[in-house]
Enquirer: 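Provided herewith is a single structure, encoded as structure tokens, for subsequent inquiry.
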Amino acid sequence: MEDKRITKTKRALKSALLELLTTQAFDAISITELCKIANVSRITFYTHYKDKFALLDDIFNDMLIIGKEGYHRRQEENNPENNLTQGYLNVLDCILSLYYERYDFFQHVVPETNPYLAFRFYRILLDTVESHTDKLKASYSLKYSARQIAGFICFGLFGFISESYTSKVPLEQVQAGARQLLTDLLQSKILV
């Protein structure tokens, strides 16, 4: 358990990064600017983070913890029999829920303006879905590697969600459409 002062300092630095992302690209943000907005010294910053990439990773790790907790809760509530399709839908629901709850951050995860953030986010998604898929090998005969399946699902759903958002499709329709698309894909037995 972290000391309350450390938690407060890290929260201030994360908030400062979020604030700066509203006006500039991640690549242009300096440690000096982060420290000024967070009201901490550079020494304090470097006590907690190696660089701004480590700060960003800490933000993503916070979200990953929330997402995993949500997934496990959903699995216990609506998938005790460990159904393949429902398991993937629970992963999707956790990702979408977190994405829209923290849209203040995720709106900046755009390849055109923040390629590192977009790349990092995609890698986390890919690793998460790959890990979920890898666990299925014991129960299902997969036609492709866990990484290939994860890449196919992540790129496809990310594209679907991005295009839906660009077209201003309401959240409920995006979620329903993504769930149906994933269900149709998994039930087609194209992957197993």
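Computed over heavy atoms, backbone and side chain alike; hydrogens, waters and symmetry mates excluded.
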Enquirer: Could you tell me whether the side chain of I153 reaches within less than 4.5 Å of the side chain of L185, counting heavy atoms only?
Expert: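 Yes; the side chains approach each other to less than 4.5 Å.
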
Enquirer: Is K52 positioned over the aromatic face of F45, cation under 6.0 angstrom from the ring centre and no more than 45 degrees off axis?
Expert: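 Cation-pi check for K52 and F45: fails.
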
Enquirer: Does the side chain of S97 come under 3.5 Å of the side chain of E101 through a donor N or O and an acceptor N or O?
Expert: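 A pair is found: one side chain offers a donor N or O, the other an acceptor, under 3.5 Å apart.
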
Enquirer: Consider ring pair (Phe, Tyr, Trp, His ring centres under 6.0 Å). Of Y116, F155, F158, which one does Y122 pass it with?
Expert: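 It is F155; the other options fail the test.
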
Enquirer: Between side-chain atoms of residues 102-111 and protein atoms elsewhere (two or more places apart, or another chain), which donor-acceptor pairs fall under 3.5 Å?
Expert:
{"residue": "R102", "atom": "NE", "partner": "D104", "partner atom": "OD1", "Å": "3.3"}
{"residue": "Y103", "atom": "OH", "partner": "Y165", "partner atom": "OH", "Å": "2.8"}
{"residue": "Q107", "atom": "NE2", "partner": "D104", "partner atom": "O", "Å": "3.2"}
{"residue": "H108", "atom": "ND1", "partner": "L21", "partner atom": "O", "Å": "3.2"}
{"residue": "H108", "atom": "NE2", "partner": "D104", "partner atom": "O", "Å": "3.3"}

Enquirer: I want to check something: taking the side chain as every heavy atom from C-beta on, are R179 and D93 in contact at a cut-off of under 4.5 Å?
Expert: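 Yes. Closest side-chain heavy atoms under 4.5 Å.
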
Enquirer: Under the criterion side-chain hydrogen bond (donor to acceptor under 3.5 Å, both in side chains), which of N83, T133, N79 is the partner of Y88?
Expert: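 Of the listed residues N83, T133, N79, the side-chain hydrogen bond (donor to acceptor under 3.5 Å, both in side chains) partner of Y88 is T133.
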
Enquirer: Any link between L181 and Y100 through a network of hydrophobic side chains (Ile, Leu, Val, Met, Phe, Trp, Tyr) touching at under 4.5 Å?
Expert: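 Both belong to a single hydrophobic cluster.
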
Enquirer: Are any of the side-chain heavy atoms of Y46 and I31 separated by less than 4.5 Å?
Expert: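 Yes, close enough: below the 4.5 Å cut-off.
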
Enquirer: Indicate, with yes or no, if L18 and I29 share a hydrophobic cluster defined by side-chain heavy-atom contacts under 4.5 Å among Ile, Leu, Val, Met, Phe, Trp and Tyr.
Expert: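 In one cluster with I29: L18, yes.
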
Enquirer: What distance do L13 atom CG and C35 atom SG have between them, rounded to the nearest 0.5 Å?
Expert: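 Between L13 CG and C35 SG, I get 6.0 Å after rounding to 0.5 Å.
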
Enquirer: Report yes if some heavy atom in the side chain of D127 is under 4.5 Å from a heavy atom in the side chain of R147; otherwise report no.
Expert: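 Yes. Closest side-chain heavy atoms under 4.5 Å.
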
